[in-house]
Colleague: 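First the structure, which I've put down as structure tokens, then a few questions once you've had a look.
Values in this document were obtained by computation on a predicted structure and should not be read as measured data. Chain naming here is simple, since letters A, B, ... match the order of the sequence lines and numbering starts at 1 in each. These numbers come from the heavy atoms of this one structure, side chains and all, not from hydrogens, waters or symmetry mates.
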Amino acid sequence: MARAPLTLKLHNTLTRQKDVFRPVDPKHVRMYVCGPTVYDFAHIGNARPVIVFDVLYRLLKRLYPKVTYVRNITDVDDKIIAAAKESGEPIGSITKRTEQAFHEDAKALGALDPDVEPRATEHIPEMIRMIEALIEKGHAYAYMAEGHAGDGHVLFSVPSMPTYGRLSRHSRDELIAGARVEVAPYKKDPADFVLWKPSTPDLPGWDSPWGRGRPGWHIECSAMSEKYLGSTFDIHGGGLDLIFPHHENEIAQSTCARPGETFARVWVHNGYLMVNGEKMSKSLGNFFTVRDLLQKAPGEVIRFAMLATHYRQPLNWTDDALKQARSILDRWYRAIALCGPVAPIAPALDVEAIQAFLAALTDDLNTSQAIAEINKHADMIFHAADLTGITKKMVNFDTLKGRLLFMGNMLGVLRQDADAWFKGVSAGSGTAGEAEIEALIQKRNDARKAKDFKEADRLRAELVAKGVTLEDGPKGTTWRRG
RNA sequence: GGCGCGGUGGCAGAGUGGCCAUGCAGAGGACUGCAAAUCCUUGAACGUCGGUUCGAUUCCGGCCCGCGCCUCCA
């Protein structure tokens, strides 16, 4: 069979269209994604990019020999300071605890670890050096006026960069016209933004040429992406809401500090997570955390619900979406179980089912289409399992199973044993012990043998009440939770 | 005010200039003591008004509706 070439296409926010992805170095693809600010538990809006870029990471690893994925931890920020002030908990304790919680959540959602996870506080010298380079090149200025408000600020000079605003398609003039904030007196231009700000003795701070202070919000990503990926790299990702000002300002910092470099070539942004038709965000207060959700559903179900919608579409989070995610995963696990305990065979990638699946994923990460392809393949297994006699003997179930697992794993699901999936105690399932369940089933089967169907149905009802569903098959009775 | 996104069958949600999404739910049948699962069959959609076209849900324009960014946010 002719193997169709797999060309990855990604929607690039810079061009606002799907472009063929051409890495700077096809032997080594480099990607940076904005990670969490560690001051509070991750909500599911934060979880979306974690999952989306994890799928992209898995796909890139499949397509290229080497991938370096960097996701930062922002552990110095005014929101963290505010949280510490409010609760009285020391900053170091908040950031450490929250970072750990984030890692637990990411793991529960089936996300692979990034290759590098740099912390902002461990890269202050790199940031200071980049700010110095910007000042040298006339793209930044320090406001030094001892005793005056604003002393010790360093600002990026937006008018010094003619192409400022290309990513978000805002001109400097538009920004100023639409501005709803007062212009700080230490800014030369209303659009200028902070690279470095002074810290009072009670606040986290580092010595710098401009006195004791801390970095502005955007500089860490410029400094850390450069350190680990170089001044020009392939993909920069994050949520839609980071396009402006965060990513716009990163571009300004990085390209002005390193003339001739491109910084990120492709910008990939995931859409918002909505709840009741409104964007979910911490500032609106209409959010729930990944931890809360993990009490209601297994991480795999949450992850799947996230992938059922294309990553650039807004995703309205509902209980029903979770229910649907679970039922599709049930179907797939059922197909796996039907294949039997055979060892799955790693699939040839050029078979049609896999080609169609990969074609969907490489088309700007069309996970919805990819899921449809897996459904078709699951159907094939169900059909095959319904065959009888010689035609059934001709079916190679370990190959079919191998393909299904391959596709599932590309999406980061189907990670467990089918038996564990159906019988394991998980979030949202019943907790009756297996021995107790097996005993009731035995009693029911005795009743069935004695044709005491009234008693058999009573026992079934008892099991249903415990969250157990029975399936009587030719090989006996099997059960599952849910 | 400026910039931008979206409106697909009962629900969720892809996609396409002419034929199929996919899943759930629904209807009928097979199987089953009854179920569950599976199989077979099946109905159902492209906000609105114009334009381009042999033909538009798909391209273009107006309108209506919803949402977002311009300020901290994934």
Colleague: Taking NZ, NE, NH1 and NH2 as the nitrogens, is one of them in A/Arg480 or A/Glu471 under 4.0 Å from a carboxylate oxygen of the other?
Modeller: yes
Colleague: Tell me the partner of B/A45, counting only Watson-Crick (N1-N3 plus N6-O4 or O6-N4) or G-U wobble (N1-O2 and O6-N3) with both under 3.5 Å; none if nothing fits.
Modeller: none
Colleague: OP1 or OP2 of B/G23 less than 4.0 angstrom from a side-chain nitrogen or oxygen of A/Lys323, does that happen here?
Modeller: no
Colleague: With a 4.0 Å limit, can you tell me whether A/Asn46 has a side-chain N or O closer than that to the phosphate oxygens OP1/OP2 of B/A74?
Modeller: yes
Colleague: My understanding is that a pair needs two contacts under 3.5 Å, Watson-Crick or G-U wobble. By that rule, which nucleotide pairs with B/U38?
Modeller: B/A30
Colleague: RNA chain B: A/Ser327 or A/Gly271, which has the more 5' nearest nucleotide?
Modeller: A/Ser327
Colleague: Does OP1 or OP2 of B/A12 have a side-chain N or O of A/Asn316 closer than 4.0 Å?
Modeller: no
Colleague: Report the distance from atom NE2 of A/His43 to atom CZ of A/Phe288, rounding to the nearest 0.5 Å.
Modeller: 10.5 Å
Colleague: Scan every strand shown for a Watson-Crick or G-U wobble partner of B/G1, both distances under 3.5 Å, and answer none if you come up empty.
Modeller: B/C70
Colleague: Taking only the side-chain heavy atoms of A/Leu273 (C-beta and beyond), determine which of B/C67, B/G23, B/A74 contains the nearest atom.
Modeller: B/A74
Colleague: Can you tell me if the side-chain N/O atoms of A/Arg480 get under 4.0 Å from OP1 or OP2 in B/A36?
Modeller: no
Colleague: Side chains of A/Glu438 and A/Gln442: is there a donor and an acceptor less than 3.5 Å apart?
Modeller: no
Colleague: Should B/U53 form a Watson-Crick or G-U wobble pair with both distances under 3.5 Å, which nucleotide is its partner?
Modeller: none
Colleague: Looking only at N and O atoms, is any donor in the side chain of A/Arg334 or the base of B/A37 less than 3.5 Å from an acceptor on the other one?
Modeller: no
Colleague: Could you go through the ring-ring contact (aromatic ring centres under 6.0 Å, His included) check for A/Phe406 and A/His377 one step at a time?
Modeller: CA-CA 12 Å; A/Phe406 170 84; A/His377 190 255; over 10 Å; no
Colleague: Is the shortest side-chain N/O distance from A/His269 to OP1 or OP2 of B/C5 below 4.0 Å?
Modeller: no
Colleague: My understanding is that a pair needs two contacts under 3.5 Å, Watson-Crick or G-U wobble. By that rule, which nucleotide pairs with B/U16?
Modeller: none
Colleague: Which distance, rounded to the nearest 0.5 Å, do you find between the CG of A/Leu440 and the CZ of A/Arg458?
Modeller: 8.5 Å
Colleague: Using the closest heavy atom to pick a nucleotide of RNA chain B for each, name whichever of A/His170 or A/His218 lands nearer the 5' end.
Modeller: A/His170
Colleague: Look at the side chain of A/Arg312 and the base of B/C5, then say whether one donor and one acceptor between them are separated by less than 3.5 Å.
Modeller: no
Colleague: Is there a donor on the side chain of A/Asp241 or the base of B/C72 sitting less than 3.5 Å from an acceptor on the other?
Modeller: no
Colleague: Quick one: look up who B/G6 pairs with, Watson-Crick or G-U, both distances under 3.5 Å, and put none if it's unpaired.
Modeller: B/C65
Colleague: Within the structure, does a side-chain N or O atom of A/Thr309 lie under 4.0 Å from either OP1 or OP2 of B/G13?
Modeller: yes
Colleague: If you check the A/Gln324 side chain, which of B/U71, B/C40, B/C24 turns out closest?
Modeller: B/C24
